[in-house]
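Remember, predicted model here, so these are calculated numbers, not experimental data.
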Amino acid sequence: MKSRYPFLTPLVVLVILFGSFAGSGSYVWIYLHADQYSTPADLADRLAWAQRIEYISQWCLAIGFLSLALLIIADKCLRKDH
């Protein structure tokens with residue numbers, strides 16, 4: 001069966017994937033490069049950046065799952081034969 005939403009479905013999946021990996025990935029990046037920061041203030045700036053990325057990724061994850069639920073509901077409602 002073909003998808004009724006050929007553009008929205010991959011977009012929602014990409015938003016969910018970004019939300020899943022961006023927040024923790026930013027902390028992993030900082031951990032792996034922690035020896036390259038010369039001052040504790042520079043490390044604190046990077047951690048603040050990672051916290052902002054994590055905040056954005058949590059919103060993307062929530063929006064992605066809500067959008068997925070809405071797509072499923074819309075698909076179920078539109079497929080019913082009236």
Participant: Same cluster or not: Val12 versus Leu78, using hydrophobic residues (I, L, V, M, F, W, Y) connected whenever any side-chain heavy atoms lie under 4.5 Å apart?
Facilitator: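 In one cluster: yes.
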Participant: What are the two closest heavy atoms between Cys60 and Gly19, and how far apart are they?
Facilitator: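 Heavy atoms only, the tightest pair is CB-CA, 4.2 Å.
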Participant: Could you state the interatomic distance from OG (Ser20) to CZ (Phe65), rounded to the nearest 0.5 Å?
Facilitator: 6.0 Å
Participant: Of all heavy-atom pairs between Ala22 and Ser57, which one has the smallest distance, and what is that distance?
Facilitator: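 So the minimum-distance heavy-atom pair works out to CB-CB, 4.0 Å.
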Participant: At what distance, to the nearest 0.5 angstrom, does CG of Leu14 lie from OG1 of Thr9?
Facilitator: 11.0 Å
Participant: Quick one: name the residues clustered hydrophobically with Leu43, using the 4.5 Å side-chain heavy-atom rule over I, L, V, M, F, W, Y, and just say none if it's on its own.
Facilitator: Tyr27, Ile30, Tyr37, Leu47, Trp49, Ile53
Participant: Can you spot which of Leu68, Leu71, Leu70, Val13 makes a side chain to side chain contact (heavy atoms under 4.5 Å, CB included) with Leu8?
Facilitator: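 The side chain to side chain contact (heavy atoms under 4.5 Å, CB included) with Leu8 is passed solely by Leu71 among Leu68, Leu71, Leu70, Val13.
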Participant: Specify whether Tyr55 and Trp59 have parallel, tilted or perpendicular ring planes, treating 30° as the upper limit for parallel and 60° as the lower limit for perpendicular.
Facilitator: perpendicular
Participant: Taking atom CD1 of Ile72 and atom NZ of Lys76, what is their separation to the nearest 0.5 Å?
Facilitator: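 If we round to the nearest 0.5 Å, Ile72:CD1 and Lys76:NZ are 8.0 Å apart.
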